[in-house]
Amino acid sequence: MTLSLYNSLGRQKQPFVPRVPGQVGIYVCGITAYDFCHIGHARVMVSFDVLVRHLRASGLKVTHVCNFTDIDDKIIRRAIQEGISIEALSSRFIDAFDTDMAALGVTPPDIQPKATEHLPEMRAMIQTLIDKGLAYESGGDVFYAVDRFPAYGLLSGKHLDELESGARVDVDSRKRNPLDFVLWKGAKPDEPQWPSPWGAGRPGWHIECSAMGVKYLGESFDLHGGGRDLIFPHHENEIAQTQGATGKPWVTCWLHNGFVNAVDDAGNREKMSKSLDNFRTIRELLTAWRGETIRLFLLNSHYRAPMDFSLELLDGARAGLGRLYGALRAAEGILGTLPEAYPVDWEHERQEYPQGPGVRFRDAMDDDLNTPQAIAVLFELAKGINRLVSEGDSPSQRQELTRHVALLRGLGGILGLCGEVPEVHFRFNPEGGWSDAEVEALIAQRNEARRNRDFQTADRIREELTQAGIVLEDSRDHTIWRREA
RNA sequence: GGCCGGGUGGCGAAGUGGUCCAACGCAGAGGUCUGCAAAACCUUCAUUCGUGGGUUCAAAUCCCACCCCGGCCUCCA
């Protein structure tokens, strides 16, 4: 089986064939840097991170580009509110983004271009569009003439005439067609501005992705992703701009992930978004849950399906992740150390274990990134590990165990899961409760009491620890523990 | 109004014509193990897949109609 992906352009799954054999270019629309990121942003970044990991694991050389919008109305407004420069504001949130993504285990994109660093490329593309008669100057702004681009509406399935009749678009007398969108905005006093042939101003939002996509990935490339809400008008406009300028088909396959809904106490749900003020920032959640837990939660739904968010659901993900790490920890107890996460040898897996976990995982991922099914394979491996652990430690069992663990870590790595030291997972300390040392001191006391067969004291200490969210597991010769709060 | 995604067990979530297909996880129940626990293992937990019709030897899976949730059509991941 080879990878097939659902292409928003055409609305169907289709086999993915790289334009250049062995190589893939992917552009993902990043964030506008004016606030902290929420789960919805996390979902985009984690989803496409997994796609990139899977492409690489499949042997492809991937160039992953993800931009930052660091100039726009919201940034300007927020910077004025806070009395700081737009650079100061955007760089603060770009740093925050990078920190949050690292916590979620997102591999940094190869290139993270910023809009303000690509003014020449944007101006050049706008000029080309003007020269070709696809854009026009009007009242200090430059607009794209949508009715000059026949394919306009193809991606989003919209028809120009219908759009116009139901238009909620601002009436702007400078536009020839209400749907024309701005490529260059004439300068307003006290706003950041750059010189241009059409007067000082700043770029419109859509042009940056066209210009930077072309610059880093070429006039035609394979994959372009983002949230569903970007299909119209953002991606529609990107296509109009880029193909209008180059005259070539731009992106082969458009990928869009579903929304994260916020659910309120009454059970009502709505799309999580900044304007609705119903979002949870990633960093807020990271105080109580490990990034990997959030990651498992996100990946346990298919990337295109809508999903609900609630804190209770994160607890479920934590328990599930605990099961995976529980198996790894048990294996560590037998093997001494955990085997390295080796890159999975698919050919070997398919030959030796045609129905095995490796093959089933790969097939699930190849089917439009069916991560829930892939995760199910991880859990099957965990069960296998637990069984082997309970069966003893003969050389052949150890060998089998080693293989299982290596596979769990290797496959997990494609999802960005199971790569941590088990103790780090189990000892994650959410709100600065008791320190590890305090916990271990109490455990030592308790074990002393147990040696004296003073079970009353031992149980009292355990009860204390339980109250503090610490769960103990006694084995033959030592006690291990974890935080469960 | 146009277009799009979704409605599967107590919860989350795969599956999109027939093969242990109703996976997997969480929660629950019983058992084994344990000083007691915990973890793990074993067993159990939807004759049923929004509703009503239809097609078929066979449907959660295809067709029609309808209901509900969410979204896009303006900035939005």
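Every heavy atom of this structure was used, including side-chain atoms; hydrogens, water molecules and symmetry mates were not. What you are looking at is a predicted structure, and each value in this text was computed from that prediction instead of being measured. Lettering follows sequence order; numbering is per chain, from 1.
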* Could you go step by step and tell me if Arg269(A) and Asp308(A) meet the salt bridge (charged side-chain N to carboxylate O under 4.0 Å, His left out) rule? -> CA-CA 8 Å; Arg269(A) 77 201 55 184; Asp308(A) 293 340; 2.9 Å; yes

* Asked: For Val28(A), which contact category applies under a 4.0 Å heavy-atom criterion: base, sugar-phosphate, or nothing?
  -> nothing

* To do: For Asn300(A), check side-chain hydrogen bond (donor to acceptor under 3.5 Å, both in side chains) against everything at least two apart and list the hits.
  => none

* Looking at residues at least two apart in the chain, or sitting in another chain, which of them share a side-chain hydrogen bond (donor to acceptor under 3.5 Å, both in side chains) with His206(A)? -> His234(A), Asn237(A)

* Whole-Å gap separating P (rA13(B)) and CZ (Phe309(A)) -> 13 Å

* Asked: Among all residues two or more places apart in sequence or in another chain, which pass the salt bridge (charged side-chain N to carboxylate O under 4.0 Å, His left out) test with Glu349(A)?
  -> Arg403(A)

* Asked: How would you label the contact of Gly258(A) with the nucleic acid (heavy atoms, under 4.0 Å): base, sugar-phosphate, or nothing?
  -> base

* Gap in Å between the two C1' atoms, one belonging to rG17(B) and one to rA22(B), rounded -> 14 Å

* So what does Phe259(A) hit on the nucleic acid, given a heavy-atom distance under 4.0 Å: a base, only sugar-phosphate, or nothing? -> base

* Minimum heavy-atom distance Leu328(A)-Pro422(A), with the two atoms named -> CB-CG, 3.9 Å

* To do: Describe the nucleic acid contact of Asn370(A) in one word from base, sugar-phosphate, nothing, applying a heavy-atom distance below 4.0 Å.
  => sugar-phosphate

* For nucleotides rU16(B) and rC62(B), find the distance between their C1' atoms and express it as a whole number of Å. => 10 Å

* Asked: For His256(A) and Arg304(A), what are the C-alpha separation, side-chain angles and deciding distance, and is it a side chain to side chain donor-acceptor pair (under 3.5 Å)?
  -> CA-CA 7 Å; His256(A) 295 97; Arg304(A) 283 193 290 112; over 6 Å; no

* Structure fact -> Phe232(A) CZ to rC73(B) P, in whole Å, measures 8 Å

Every protein N/O within reach of nucleotides 22-27 of chain B N/O, cut-off under 3.5 Å:
none

* **Sugar-phosphate only, base, or nothing, as touched by Asn386(A) at under 4.0 Å among non-hydrogen atoms** => sugar-phosphate

* Kindly indicate whether a cation-pi arrangement holds for Lys175(A) with Phe181(A), taking the cut-offs as under 6.0 Å to the six-membered ring centre and within 45° of the axis. => no

* Structure fact -> Rounded to whole Å, the NE2-P distance (His256(A) to rG71(B)) equals 18 Å

* Structure fact -> Contacts of Glu191(A) meeting salt bridge (charged side-chain N to carboxylate O under 4.0 Å, His left out) (sequence neighbours excluded), chain-then-number -> Arg202(A)

* How does protein reach along nucleotides 4-9 of chain B, written 5' to 3' as B (base within reach of a heavy atom under 4.0 Å), S (only sugar-phosphate), or - (no contact)? -> SSS---

* In terms of heavy-atom contacts, does CD of Gln81(A) have more than 12 from other residues, nucleotides or ligands at under 6.0 Å? -> yes

* Provide the distance between the two C1' atoms, one in rC21(B) and one in rU61(B), to the nearest whole Å. => 10 Å

* To do: Could you check whether Ile231(A) gets within reach of a base, just the sugar-phosphate, or nothing at all, counting any heavy atom under 4.0 Å?
  => nothing

* ring pair (Phe, Tyr, Trp, His ring centres under 6.0 Å) with Tyr303(A): which residues, sequence neighbours excluded? -> none

* **Residues, nucleotides or ligands: over 12 heavy atoms within 6.0 Å of Lys114(A) NZ** => no

* Asked: Closest to the Thr32(A) side chain: rA77(B), rC11(B), rG35(B)?
  -> rA77(B)

* Asked: When all nucleic acid strands are considered with a 4.0 Å heavy-atom cut-off, which category describes Met272(A): base, sugar-phosphate, or nothing?
  -> base

* To do: Please indicate whether Gln355(A) has more than 12 foreign heavy atoms, meaning atoms of other residues, nucleotides or ligands, lying under 6.0 Å from its CD.
  => no

* Write down the distance separating the C1' atoms in rU44(B) and rG9(B), rounded off to the nearest Å. => 14 Å

* Among rC72(B), rC75(B), rA39(B), the one nearest Asp229(A) by side-chain distance -> rC72(B)

* In whole Å, what separates the C1' atom of rC24(B) from that of rA46(B)? -> 15 Å

* Structure fact -> By nearest-heavy-atom nucleotide on RNA chain B, the more 5' of Gly226(A) and Glu270(A) is Glu270(A)

* Asked: NA contact type, Asn257(A), heavy-atom cut-off 4.0 Å: base, sugar-phosphate, or nothing?
  -> base

* Is any side-chain nitrogen or oxygen of Asn261(A) closer than 4.0 Å to OP1 or OP2 of rG71(B)? -> no

* Name the nucleic acid region contacted by Arg476(A), choosing base, sugar-phosphate or nothing; use a 4.0 angstrom heavy-atom cut-off, strictly under. => nothing

* Atom P, compared across rC49(B) and rG7(B): separation rounded to whole Å -> 14 Å

Table of protein N/O atoms under 3.5 Å from nucleotides 60-63 of chain B N/O atoms:
none

* Sugar-phosphate only, base, or nothing, as touched by His234(A) at under 4.0 Å among non-hydrogen atoms -> nothing

* To do: Using the ring of Phe426(A) (Phe, Tyr or Trp, six-membered ring only), decide whether Arg329(A) places NZ or CZ under 6.0 Å from its centre and within 45 degrees of its axis.
  => yes

* Taking only residues two or more places apart in sequence, or in another chain, which ones meet Phe361(A) in a ring pair (Phe, Tyr, Trp, His ring centres under 6.0 Å)? -> none

* Asked: rA77(B) C1' sits how many Å from Phe36(A) CZ, rounded?
  -> 18 Å

* **Trp481(A): partners by side-chain hydrogen bond (donor to acceptor under 3.5 Å, both in side chains), with sequence neighbours left out** => Glu440(A)

* **Inter-nucleotide P distance (rG12(B), rG70(B)), Å rounded** => 15 Å

* When we call it a touch if two heavy atoms are under 4.0 Å apart, what does Arg450(A) touch: a base, just sugar-phosphate, or nothing? -> base

* Which one, rA77(B), rC11(B), rC41(B), comes nearest to the side chain of Val44(A)? -> rA77(B)

* For residues 33-46 of chain A, which residue pairs qualify under salt bridge (charged side-chain N to carboxylate O under 4.0 Å, His left out), counting only residues two or more places apart or in two chains? -> Asp35(A)-Arg78(A)

* **Pairing string, 5' to 3', for RNA chain B - Watson-Crick or wobble contacts under 3.5 Å, brackets [ ] where pairs cross, | to another strand** => ((((((((.[[[..)..(.....]]].(((((.......))))).....[[[[[..)....]]]]])))))))....

* **Near-ring test Trp250(A)/Phe221(A), centroid separation under 6.0 angstrom** => yes

* Round to the nearest Å and state the distance from Arg387(A) atom CZ to rA39(B) atom P. => 18 Å

* **Nearest-Å distance once atom C1' is located in both rC42(B) and rG5(B)** => 41 Å

* To do: Under 4.0 Å between any heavy atoms, over every strand shown, what does Glu312(A) touch: base, sugar-phosphate, or nothing? Just pick one.
  => nothing

* Structure fact -> RNA chain B nearest-nucleotide lookup for Lys13(A) and Gln456(A): closer to the 5′ end is Lys13(A)

* Report which part of the nucleic acid Arg269(A) touches: base, sugar-phosphate, or nothing (heavy-atom distance under 4.0 Å, all strands). => sugar-phosphate

* Asked: For the pair made of CG in Asn177(A) and P in rU74(B), what is the distance, rounded to whole Å?
  -> 12 Å

* To do: Nearest whole angstrom, please: distance from the C1' of rA40(B) to the CD1 of Ile480(A).
  => 11 Å

